Engineer: 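Quick one: structure below, then a few questions.
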Amino acid sequence: MLETIGAETILIDEQNIHHTLARHANSDPARVRAVLAKAAEMNGLEAEETAVLMSITDTKLLHGLFETARTVKETIYGKRLVIFAPLYVANLCNNECTYCAFRARNEELKRRVLTQQGIANETRILVEQGHKRVLLVAGESYPQEGFDYILKAIDTIYATKSGPGEIRRINVNVAPLTVEEFRRLKERKIGTYQIFQETYHHDTYKRVHLAGKKRDYDWRITAMDRAIEAGIDDVGIGVLFGLYDWKFEILALMQHIRHLENKFGVGPHTVSVPRLEPATGSDIATHPPFPVTDTDFKKIVAILRLTVPYTGIIMSTRETAQMRRETFELGVSQISAGSRTNPGGYEDDAEDSSQFSLGDHRSLDEVIYDVAEKGFIPSFCTGCYRLGRTGQDFMDLAKPGDIKAHCNPNGLSTFQEYLEDYASPETRNVGEETIAKALAQLTGLPKKRGEKLVNLVKEGKRDVYC
Ligand code: SAM
Ligand code: SF4
């Protein structure tokens, strides 16, 4: 049971999680099939049911899990994949997270804090590649200006234009804030505020967070409550897989989600699934205490897709191109592309200031080619948050399937924009074919809107959405 103590502290009930896992350590095939049948109804799963799916080892049942996840993904999200790039502005940090190259005492890392001009330069490069969404990332230390530095960075990114493009949505991944700071973030018109608990397991959390404010488990786990109280209703949560048993983490993540649903009527907009990657000056990052195999990683994505069908799943370039391809089908709805994890990395790729190593080094255009060639529609859409379709309003449209009448046309029109303004000739050819096929498969209102918006873009209009 999840409890709220006083106004703030959320208790992740570890005993309950361990008992649930023990009860379903070896679920029988009939029970697994029953849970998969329920999952196919797309109403989500309870912890007991999720635990049943996590116990699958049999190849046939695993196949059944993946097939069900594929169907749910396709039904809810169609072929769209939302594209974004991280924008690291500073790698100074007061914390000592043993897995991260930015940790305070890491002397092997070259420190860098971008000036506003530097942030504008990075933004321009991303805009000129065709990006429309960025995730602003920083360590937890802004020595010169304090939190105002982040607010100014947001203003700089939104103000930077180049040719026909600009960044239309900034999501933010910075250390937990006070309600007042979250209010100021909200005023800057951010999209999603995102932060990962890293591990929900208290002892492990203490072991890997040695110093700084991040040692405070409760301050971090309550960040989303404060963000939502401040009016930010799209929040993103996640786990850093490899620190502790992934099965425990999934059930704890579910407790966090249920807490938000119970308290605010709506859960997180996205869940991220980073796996530990090698990082300079970090032993634990190279030798994760609980390594997650590729098969288990695919299980994680598929199980999350079935457990919280309407919550976006984000896959970063930590993973290889092959793993990313496989997980798109199983449930991933957003991907980063062409990423650098060092401040200033788009202008000057200095590896010695990176947060961790990447698994996918391809450029945005190469990723787009690959995605489109596999029949997916790379979407640069930012329509929902600009039209106020966030939080509960978004879920009210998503659950009956009505959001597709917006997402499909907007995905196609923003992809067409990319093809017109930024694509290589090869990507443009593949992309045009993919758009034509997608339009042919649409019917009714989405088709009408899709054709109209794509034609408007072909005629030279930009930033058209519904
Ligand atoms: N400093 C803030 C924080 O810790 O929440 C926000 C930015 S931090 C740079 C973003 C995320 O990177 C962390 O939440 C963590 O999950 C992830 N990360 C850190 N080290 C990593 C590693 N070695 N491999 C993969 N992800 C890592
Ligand atoms: Fe700092 Fe975040 Fe890295 Fe921890 S994960 S050392 S808080 S940047």
Side-chain angles (χ1 to χ4, degrees), residues 21 24-27 32 36 39 50-74 77 81 99 196 198-201 204 238-253 270-279 282-308 311-337 339 341 355-362 366-367 370-371 373-376:
L21 289 175
H24 301 287
N26 301 299
S27 300
V32 170
L36 288 177
T50 300
V52 168
L53 297 187
M54 292 198 293
S55 72
I56 296 177
T57 48
D58 174 82
T59 321
K60 258 199 196 146
L61 293 175
L62 194 60
H63 182 74
L65 167 68
F66 290 164
E67 276 313 303
T68 313
R70 271 191 197 104
T71 310
V72 168
K73 157 85 205 272
E74 174 93 29
Y77 297 85
L81 266 181
Y99 46 81
F196 314 144
E198 321 293 13
T199 172
Y200 284 95
H201 187 251
T204 305
V239 167
L240 182 55
F241 287 102
L243 295 175
Y244 189 61
D245 176 14
W246 67 267
K247 293 181 182 172
F248 174 96
E249 302 288 15
I250 295 286
L251 292 189
L253 185 90
T270 55
V271 172
S272 295
V273 290
R275 262 198 298 191
L276 265 182
E277 290 298 328
S282 166
D283 189 41
I284 193 176
T286 325
H287 304 102
F290 287 82
V292 175
T293 64
D294 285 354
T295 303
D296 281 344
F297 190 62
K298 286 189 265 179
K299 269 170 84 176
I300 288 173
V301 172
I303 288 168
L304 282 174
R305 181 41 64 240
L306 300 180
T307 300
V308 281
T311 304
I313 301 179
I314 302 180
M315 177 73 57
S316 76
T317 51
R318 290 174 180 85
E319 298 297 333
T320 61
Q322 183 54 29
M323 178 54 78
R324 277 151 57 88
R325 278 183 208 115
E326 290 181 37
T327 50
F328 296 164
E329 292 190 354
L330 297 176
V332 167
S333 55
Q334 297 193 21
I335 59 165
S336 49
S339 307
T341 65
Q355 194 196 9
F356 48 78
S357 318
L358 299 177
D360 183 351
H361 298 267
R362 296 170 302 166
E366 287 170 306
V367 173
D370 187 32
V371 162
E373 213 236 328
K374 305 264 168 319
F376 289 97

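Note that this is a predicted model, so its numbers are computed, not measured.
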Engineer: With heavy-atom distances below 4.5 Å as the criterion, would you say the side chains of P274 and E198 are in contact?
Structural biologist: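 Side chain of P274 against side chain of E198, heavy atoms only: no contact under 4.5 Å found.
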
Engineer: How far does OH of Y99 sit from OG1 of T286, to the nearest 0.5 angstrom?
Structural biologist: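 Y99 OH to T286 OG1: 14.5 Å, rounded to 0.5 Å.
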
Engineer: Check L61 against L36 and note the closest heavy-atom contact, atom names and distance.
Structural biologist: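 Scanning both residues, the minimum pair turns out to be O-CD1, 4.4 Å.
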
Engineer: Do L243 and I284 have side chains that get closer than 4.5 Å, going by heavy atoms?
Structural biologist: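 Side chain of L243 against side chain of I284, heavy atoms only: contact under 4.5 Å found.
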
Engineer: With the side chain counted from C-beta on, respond yes when K73 and R70 share a heavy-atom pair under 4.5 Å apart, and no when they do not.
Structural biologist: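 Of all side-chain heavy-atom pairs linking R70 with K73, none is under 4.5 Å.
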
Engineer: Between D294 and K298, does a salt bridge (Lys or Arg N to Asp or Glu O under 4.0 Å) hold up when you go through it step by step?
Structural biologist: CA-CA 6 Å; D294 285 354; K298 286 189 265 179; over 6 Å; no

Engineer: So, T71 side chain and E67 main chain: donor-acceptor pair closer than 3.5 Å or not?
Structural biologist: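 Such a contact is found between T71 side chain and E67 backbone.
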
Engineer: Which residues pass the ring pair (Phe, Tyr, Trp, His ring centres under 6.0 Å) test with Y200, not counting sequence neighbours?
Structural biologist: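 With sequence neighbours excluded, Y200 shows a ring pair (Phe, Tyr, Trp, His ring centres under 6.0 Å) to H256, given in chain and number order.
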
Engineer: Measure the NZ-CG distance between K374 and L81 for me, rounded to the nearest 0.5 Å.
Structural biologist: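 The distance works out to 12.0 Å.
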
Engineer: With rounding to the nearest 0.5 Å, note down the distance linking CD1 in I300 to OG1 in T295.
Structural biologist: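 These two atoms lie 11.0 Å from each other.
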
Engineer: If I compare all heavy atoms of I313 with all of V301, which pair ends up nearest, and what's the gap?
Structural biologist: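 That closest heavy-atom pairing would be CD1-O, 3.8 Å.
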
Engineer: Just wondering, do M323 and F297 contact through their side chains at under 4.5 Å, heavy atoms?
Structural biologist: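 Sidechains of M323 and F297: in contact.
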
Engineer: Minimum heavy-atom separation for L276 and P288, please, with both atom names.
Structural biologist: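 Taking L276 first and P288 second, the nearest heavy atoms are CD1-CB, 3.7 Å.
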
Engineer: Where do R324 and E319 come nearest, in terms of heavy atoms and distance?
Structural biologist: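 Answer, listing the atom of R324 first, then E319: CD-O, 3.3 Å.
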
Engineer: Which heavy atom of A285 sits nearest to which heavy atom of A279, and what is that distance?
Structural biologist: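 Closest pair (atom of A285, atom of A279, distance): CB-N, 3.7 Å.
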
Engineer: Please find the pair of heavy atoms, one from G242 and one from V292, that lie closest to each other, and give the distance.
Structural biologist: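 For G242 and V292, the tightest heavy-atom pair comes out as N-CG2, 4.0 Å.
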
Engineer: Please list all pairs passing the side chain to side chain donor-acceptor pair (under 3.5 Å) test where one or both residues lie in residues 50-60, with sequence neighbours left out.
Structural biologist: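 Applying side chain to side chain donor-acceptor pair (under 3.5 Å) to every pair that reaches into residues 50-60, excluding sequence neighbours, yields S27-S55, T50-T307.
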
Engineer: Does the side chain of E249 come within less than 4.5 Å of T199's, by heavy atoms?
Structural biologist: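 Touching, per the 4.5 Å side-chain cut-off.
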
Engineer: Test side-chain contact (heavy atoms from CB on, under 4.5 Å) on F241 and I250 and set out the steps.
Structural biologist: CA-CA 10 Å; F241 287 102; I250 295 286; 4.0 Å; yes

Engineer: With a 4.5 Å heavy-atom cut-off, do Y77 and V332 have their side chains touching?
Structural biologist: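 Side chain of Y77 against side chain of V332, heavy atoms only: no contact under 4.5 Å found.
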
Engineer: With heavy-atom distances below 4.5 Å as the criterion, would you say the side chains of V273 and T327 are in contact?
Structural biologist: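 They are not in side-chain contact.
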
Engineer: Start with the C-alpha gap between R325 and D360, add the side-chain angles, then the distance that decides, and say whether salt bridge (Lys or Arg N to Asp or Glu O under 4.0 Å) holds.
Structural biologist: CA-CA 11 Å; R325 278 183 208 115; D360 183 351; over 6 Å; no

Engineer: Quick one: pull up CZ in F66 and CD1 in I303 and give me the separation to the nearest 0.5 Å.
Structural biologist: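 Reported value, rounded in 0.5 Å steps: 8.0 Å.
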
Engineer: Working note: E329 + F376, criterion side-chain contact (heavy atoms from CB on, under 4.5 Å); need CA distance, chi angles, decisive distance, verdict.
Structural biologist: CA-CA 9 Å; E329 292 190 354; F376 289 97; 3.9 Å; yes

Engineer: Kindly assign one of parallel, tilted or perpendicular to the pair H201 and Y244, based on the angle between their ring planes and the thresholds 30° and 60°.
Structural biologist: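 Ring orientation, 0 to 90° scale: parallel.
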
